[in-house]
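Heads up: numbering here begins at 1 and tracks the sequence.
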Amino acid sequence: MTFSRRSFLGNAIQLAIIAIAGFGSASALAAKPVVMGFSQVGAESEWRTANTLSIKDAAKKDGINLKFADAQQKQENQVKAIRSFIAQKVDVIAFSPVVETGWDTVLREAKAAKIPVILTDRAVNVTDTSLYVTFIGSDFVEEGRRAGRWLLERAKKTPDRTLNIVELQGTVGSAPAIDRKNGFEQAIAGNAKLKIIRSQTGDFTRAKGKEVMEAFLKSQGKNINVVYAHNDDMAIGAIQAIEEAGMKPGTDIIIISIDGVKGAFEAMIAGKLNVTVECSPLLGPQLMQVARDVLAGKPVPKRITTEEGVFPAEVAAKEFPNRKY
């Protein structure tokens with residue numbers, strides 16, 4: 001069988017067109033999914049669980065290929081995860097750092113690999129802020145101030161009474177623990193009747209919050225008037241300890257916490273918690289949009305703050321149906 005030169009060229013051109021249409025078109029290349037490596041702190045609270053779910057759901061809806069790593073509250077696990085993401089040549093890295101310091105080296109490695117880094121929920125303290133593109137999250141100092149301002153207003157009802165406060169701090173060295181402590185202290189500094197008599201980490205967990213509160217009750221007893229917890233889970237643990245000690249949380253001892261999870265609203269409805277300051281974990285959609293903007297070369301703010309409120313017990317029943325976490 002013989003082929004003419006013309007038919008051979010025609011067939012070759014047709015094959016080339018098919019190849020370009022099927023594999024090499026701009027649209028096919030554009031359809032390549034964005035790959036994001038995300039390192040999460042862990043699963044220490046209701047808040048963190050909701051945060052993880054928000055990120056996973058948003059990535060799925062946005063068609064982003066998410067490589068997720070749970071650090072189990074250990075910085076060394078996050079460093080390993082980030083190095084793994086770099087080795088896998090992901091398009092963008094996002095993470096919620098366990099603690100503020102100790103990130104310079106691994107973030108320099110990401111920068112050298114030309115992989116942009118986005119911080120979510122928690123900030124880092126680095127010598128070169130160009131090592132990350134932006135930080136999406138709450139203003140933790142302001143959350144502490146809001147908690148303190150609520151107590152200042154409450155204290156006006158009994159202006160001559162000294163209120164002794166015990167503080168359940170978050171994970172040592174973490175941005176929310178440092179900032180929520182500082183913000184609260186700033187807010188109450190002008191009132192000599194408000195005194196923090198004990199302060200200890202409860203590591204943001206319900207079990208540790210209960211354990212530390214039990215120790216506070218043994219050493220201070222009925223000398224405690226207020227509990228300020230850096231998150232709702234520790235507050236709920238403290239409530240359990242107070243009840244087991246034969247006292248009424250929310251009545252005998254004022255309970256103030258931060259996050260605004262459903263469990264806190266249930267405690268407020270039951271009269272066991274007095275106020276929660278909101279800290280929204282639903283950062284997923286915002287993170288995916290920012291990641292796409294960064295990869296498209298669009299300018300993004302260095303600091304993106306989420307909008308949040310304060311919910312005293314009086315509004316808990318009305319607000320509860322609106323809670324998404």
Side-chain angles (χ1 to χ4, degrees), residues 36 38-41 45-55 57-59 62 92-101 103 107 116-126 128-150 169-171 173-187 204 228-232 256-261 264 275-296 298-312 315 319 322-325:
M36 174 187 286
F38 185 86
S39 175
Q40 180 60 284
V41 172
S45 62
E46 282 185 54
W47 191 100
R48 190 64 55 190
T49 301
N51 181 240
T52 292
L53 188 62
S54 174
I55 288 162
D57 284 352
D62 205 24
V92 60
I93 292 170
F95 76 111
S96 181
V98 174
V99 293
E100 280 194 345
T101 58
W103 301 105
L107 292 185
V117 174
I118 299 169
L119 305 176
T120 72
D121 170 48
R122 298 182 180 185
V124 295
N125 186 353
V126 289
D128 178 6
T129 57
S130 74
L131 295 177
Y132 65 91
V133 180
T134 186
F135 164 52
I136 305 168
S138 304
D139 184 336
F140 299 134
V141 175
E142 181 57 24
E143 288 171 356
R145 289 194 199 106
R146 287 172 178 171
R149 286 196 290 262
W150 181 89
Q169 294 183 48
T171 304
S174 69
I178 294 166
D179 292 350
R180 287 171 182 171
K181 180 175 181 61
N182 289 341
F184 185 79
E185 288 176 352
Q186 288 170 20
F204 284 128
Y228 168 47
H230 288 191
N231 82 337
D232 292 333
I256 303 166
S257 67
I258 297 175
D259 274 355
V261 300
V275 65
T276 184
V277 177
E278 186 178 33
C279 177
S280 177
L282 308 179
L283 305 179
Q286 205 170 11
L287 172 60
M288 301 310 147
Q289 184 57 56
V290 169
R292 288 200 178 277
D293 287 347
V294 167
L295 293 172
K298 295 179 182 177
V300 297
K302 196 71 178 176
R303 177 76 169 87
I304 300 169
T305 305
T306 48
E307 293 292 322
E308 294 149 347
V310 178
F311 298 95
V315 303
E319 177 61 26
N322 302 325
R323 305 313 292 170
K324 293 179 181 177
Y325 55 92

Output for pair (Ser54 OG, Leu283 CG), nearest 0.5 Å, gives 6.5 Å

query = Is the shortest heavy-atom distance from the side chain of Phe38 to the side chain of Ile55 under 4.5 Å?
reply = yes

Evaluate the side-chain contact (heavy atoms from CB on, under 4.5 Å) criterion for residues Arg149 and Glu142: first the C-alpha distance (whole Å), next the side-chain angles of each, then the deciding distance (0.1 Å), finally the verdict.
CA-CA 10 Å; Arg149 286 196 290 262; Glu142 181 57 24; 2.3 Å; yes

To the nearest 0.5 Å, atom CG of Asp293 lies from atom NZ of Lys298 at 5.0 Å

Checking Gln40 against Asn51 for the side-chain hydrogen bond (donor to acceptor under 3.5 Å, both in side chains) test, could you report, in this order, the C-alpha distance in whole Å, the side-chain angles of both residues, the deciding distance, and whether it holds? CA-CA 9 Å; Gln40 180 60 284; Asn51 181 240; 2.9 Å; yes

CD (Glu143) and CZ (Phe184) are apart, to the nearest 0.5 Å, by 13.5 Å

dist Glu100:CD -> Ser174:OG (nearest 0.5 Å) comes out at 7.5 Å

Tell me if the aromatic rings of Trp150 and Tyr228 count as close, with their centers under 6.0 Å from one another. no

Would you say the side chain of Glu185 lies within less than 4.5 Å of the side chain of Arg180, judging by non-hydrogen atoms?
no

Is Ile93 close to Met36 at the side-chain level, that is, under 4.5 Å between some pair of heavy atoms?
-> no

For Ile304, the side-chain contact (heavy atoms from CB on, under 4.5 Å) test, sequence neighbours excluded, returns Thr134, Ile136, Gln286, Val290, Pro301

Handout entry: Under-4.0 Å salt bridge between Arg303 and Asp139
Key = no

Is there a side-chain hydrogen bond (donor to acceptor under 3.5 Å, both in side chains) between Ser138 and Glu308 once you walk through the steps?
CA-CA 8 Å; Ser138 304; Glu308 294 149 347; 2.5 Å; yes

When rounded to the nearest 0.5 Å, the distance separating CD1 of Ile256 from NE2 of His230 is 11.0 Å

Worksheet item: Can you check whether Tyr132 reaches Pro116 side chain to side chain, under 4.5 Å on heavy atoms?
Response: no

Sorted by chain and number, sequence neighbours left out, side-chain hydrogen bond (donor to acceptor under 3.5 Å, both in side chains) with Asp232 holds for Ser257, Thr276

Nearest heavy-atom contact between Ser130 and Asp128 is OG-OD1, 2.7 Å

So, do Arg122 and Pro176 sit near enough that their side-chain heavy atoms are less than 4.5 Å apart? yes

>> Using side-chain contact (heavy atoms from CB on, under 4.5 Å), reason through Gln186 and Val141 one step at a time and then give a plain yes or no.
In response: CA-CA 9 Å; Gln186 288 170 20; Val141 175; 4.1 Å; yes

**OP:** Start with the C-alpha distance between Val124 and Thr101, add both sets of side-chain angles, then the distance that settles side-chain contact (heavy atoms from CB on, under 4.5 Å), and finish with yes or no.
**Re:** CA-CA 6 Å; Val124 295; Thr101 58; over 6 Å; no

Evaluate side-chain contact (heavy atoms from CB on, under 4.5 Å) for Trp103 paired with Val117, printing each intermediate quantity in order. CA-CA 12 Å; Trp103 301 105; Val117 174; over 6 Å; no

**Prompt:** Given side chains that start at C-beta, do those of Thr52 and Thr49 come closer than 4.5 Å, heavy atoms only?
**Reply:** no

Are Glu278 and Asp259 packed together at the side-chain level, in the sense that at least one heavy-atom pair is separated by less than 4.5 angstrom? no

When rounded to the nearest 0.5 Å, the distance separating OG1 of Thr171 from CD1 of Ile178 is 10.5 Å

(Q) Ring of Phe140, cation from Lys181 - is the NZ or CZ under 6.0 Å from the centre and inside 45° of the axis? (A) no

For Tyr325, is the NZ or CZ atom of Arg323 found under 6.0 angstrom from the centre of its six-membered ring and inside 45 degrees of the ring axis?
-> yes

Subject >> Pair Arg145 + Asp179: basic N to acidic O under 4.0 Å >> reply: no

Quiz prompt | Arg146 and Ile258, any side-chain heavy atoms less than 4.5 Å apart | solution = no

